[in-house]
Amino acid sequence: MKKIQMVDLQSQYRRFKTEIDAAIHEVLDSSAYINGPAVKGFQAALEEYLGAKAVIPCANGTDALQIALMALDLAPGDEVIVPSFTYVATAEVAALLRLSIVMVDVDPQTFNLRAEDVEAAITPQTKAIVPVHLFGQSCDMQPIIELAEKHQLYIVEDNAQAIGADYSFPNGEQKKTGLLGHIGCTSFYPSKNLGAYGDGGAIFTNDEALADKIRMIANHGQNRRYYHDRVGVNSRLDGIQAALLHVKLKALDEFSAARQKAADYYDAAFAELEEVQTPYRAPYSSHVFHQYTLLVPADQRDALQAHLQAAEVPCMIYYPLPLHEQAAFEGFARKAKAELPNTEMLCQQVISLPMHSELEADQLVYVAEQVKAFFKK
Ligand SMILES: *Cc1c(COP(=O)(O)O)cnc(C)c1O
């Protein structure tokens with residue numbers, strides 16, 4: 001059996017080596033490293049894949065979120081609603097812009113933001129909602145969109161973990177996550193579902209005016225070279241990353257299918273375990289399984305982790321500490337409620353198993369056996 005990894009980037013590279021190497025060499029031969037045809041080509045392919053009017057590539061997912069918030073022209077102290085159970089970047093960028101972060105609890109089943117919790121957190125200062133499609137499954141967006149319309153709020157989706165997922169509206173219409181609100185943000189960090197061989201990110205929108213602003217902000221606030229109309233940043237995806245991402249984008253749906261197949265195997269294998277709750281599959285979203293995350297009893301979670309590590313099954317705790325308990329946000333953030341019990345519970349009970357597009361049958365069998373062996377002791 002091949003050594004099991006959380007994410008097996010090497011096996012995936014080997015599978016696409018010929019095409020990827022050729023794409024990278026084309027960039028090297030052309031020496032168009034910045035803003036060249038490789039970047040334009042990938043951008044256009046991603047626009048087509050997502051059904052987006054505009055994709056603006058940038059340097060990483062955190063920049064994507066920051067640039068998206070900058071494009072909303074918010075004032076210091078304006079409130080931005082974020083889930084407390086997420087990666088730090090979601091809130092970090094709001095703190096950098098001196099916005100006021102309002103952290104709300106999440107649904108214990110989907111781990112995602114819920115409209116009712118968002119609604120309870122809205123004040124006259126609220127300007128934007130940042131739903132995170134955590135672990136690869138969309139938030140239930142229709143009620144969140146309705147709230148945003150009612151209160152005239154922007155929606156910036158953190159789609160770093162869910163690229164390729166589809167959300168189904170109640171009327172049956174389907175859209176890709178990241179295009180459900182005003183602006184969507186994603187990351188091409190190597191271990192993400194569409195991963196580069198370095199850093200990368202992108203911003204999506206169907207709003208042409210926002211797209212123009214975002215392009216300008218990502219490029220030092222200029223439309224015309226050396227004429228700077230606003231303060232921007234320097235955030236670019238380079239040609240080499242774009243070229244290999246273009247190759248991988250063609251296989252993204254295949255990667256998602258392989259992840260879903262691995263998840264189906266895990267689901268069936270753990271169905272008999274009373275102590276284990278397998279990931280909930282929401283009827284309104286496909287699940288692209290950025291992570292396969294179990295809930296296990298809090299008092300057994302660390303022992304399970306140690307058991308798996310001893311058996312050479314990698315596993316991770318995403319995330320051990322809620323945002324509202326992170327020292328960094330003291331002074332910038334407030335909790336929407338006195339208690340965020342679901343977030344607290346999740347931080348105690350989650351454990352993520354190896355999940356990627358290259359998992360082999362014998363590896364899945366072994367991981368499942370090790371988890372089952374722990375609970376049958
Ligand atoms: C990875 C990630 C980011 C940040 O992406 P980087 O490319 O690492 O900056 C933001 N939000 C979420 C939910 C992520 O998983």
Side-chain angles (χ1 to χ4, degrees), residues 6-7 9 42 46 55-70 80-97 101 103-104 106-107 110-113 128-139 141 155-165 177-178 180-181 183-204 218 233-238 241-242 244-245 248 256 259 285 287-293 316-324 326 328-329 333 343 346-347 350 352 355-356:
M6 264 328 261
V7 181
L9 297 175
F42 171 61
L46 191 55
V55 165
I56 299 102
C58 66
N60 57 67
T62 308
D63 272 10
L65 286 161
Q66 179 177 334
I67 294 164
L69 288 182
M70 287 172 81
V80 178
I81 293 176
V82 304
S84 195
F85 188 63
T86 180
Y87 183 58
V88 65
T90 314
E92 197 175 32
V93 294
L96 283 171
L97 298 174
I101 304 163
M103 296 169 173
V104 307
V106 295
D107 181 284
T110 62
F111 316 151
N112 279 334
L113 213 52
I129 309 169
V130 187
V132 182
H133 306 305
L134 203 71
F135 301 155
Q137 185 166 243
S138 180
C139 300
M141 290 300 291
I155 296 177
V156 174
E157 296 169 76
D158 182 342
N159 196 37
Q161 300 190 1
I163 191 159
T177 53
L180 304 167
I183 308 179
C185 300
T186 202
S187 163
F188 304 123
Y189 184 77
S191 65
K192 297 283 156 84
N193 289 30
L194 180 59
Y197 296 158
D199 276 309
I203 305 158
F204 335 136
V233 296
N234 172 24
S235 190
R236 297 187 281 243
L237 181 71
D238 69 72
Q241 303 304 333
L244 70 93
L245 284 166
K248 284 192 152 200
S256 300
R259 288 169 177 272
S285 176
H287 201 320
V288 294
F289 286 100
H290 176 60
Q291 299 296 339
Y292 183 89
T293 303
M316 295 292 282
I317 308 302
Y318 300 119
Y319 298 93
L321 191 66
L323 284 193
H324 63 269
Q326 302 283 354
F329 296 120
T343 299
L346 292 172
C347 290
V350 288
S352 299
M355 175 50 75
H356 52 80

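Both counts, for ligands and for their atoms, begin at 1 and track the order of listing. All of these numbers come straight from a predicted model, not from anything done at the bench.
Considering both main-chain and side-chain atoms, Gln161 comes within under 3.5 Å of ligand 1 through a nitrogen or oxygen pair. Any N or O atom pair closer than 3.5 Å counts here, and Tyr189 shares no such pair with ligand 1. For a threshold of 3.5 Å applied to N or O pairs, the pair formed by Tyr87 and ligand 1 contains no separation below that value. At a 3.5 angstrom cut-off on N or O pairs, Leu65 does not count as close to ligand 1.
Tyr318 has its ring centre no less than 6.0 Å from the ring centre of Phe111.
Annotation: atom 14 (C) of ligand 1 to nearest protein heavy atom, Lys192 NZ, 3.2 Å. Nearest protein heavy-atom contact of atom 13 (C) of ligand 1 is Asp158 OD2, 3.4 Å. In terms of protein heavy atoms, atom 4 (C) of ligand 1 is closest to Thr62 OG1, 3.5 Å.
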Practice problem: Please assess Phe329 against Val88 for the test side chain to side chain contact (heavy atoms under 4.5 Å, CB included), listing each intermediate value before the final yes or no. | Solution: CA-CA 10 Å; Phe329 296 120; Val88 65; 3.8 Å; yes

Practice problem: Would you check, one step at a time, whether the test side chain to side chain donor-acceptor pair (under 3.5 Å) holds for Asn193 with His290? | Solution: CA-CA 6 Å; Asn193 289 30; His290 176 60; 2.9 Å; yes

Exercise. Show your working on side chain to side chain contact (heavy atoms under 4.5 Å, CB included) between Val288 and Ile163 and close with a plain yes or no.
Key: CA-CA 8 Å; Val288 294; Ile163 191 159; over 6 Å; no

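Taking the six-membered ring for Trp and thresholds of 30 and 60 degrees, Phe85 and Phe135 have ring planes more than 60 degrees apart, a perpendicular arrangement.
We find the OG1-CG distance between Thr186 and Leu65 to be 9.5 Å, quoted to the nearest 0.5 Å. Atom OG of Ser235 sits about 6.0 Å away from atom CG of Asn60, to the nearest 0.5 Å.
By heavy-atom distance, the residue among Ala89, Gly200, Cys185, Ser187 lying nearest atom 5 (O) of ligand 1 is Ser187.
Residue contact check: Asn60 has heavy atoms under 4.0 Å from atoms 7 (O), 9 (O) of ligand 1.
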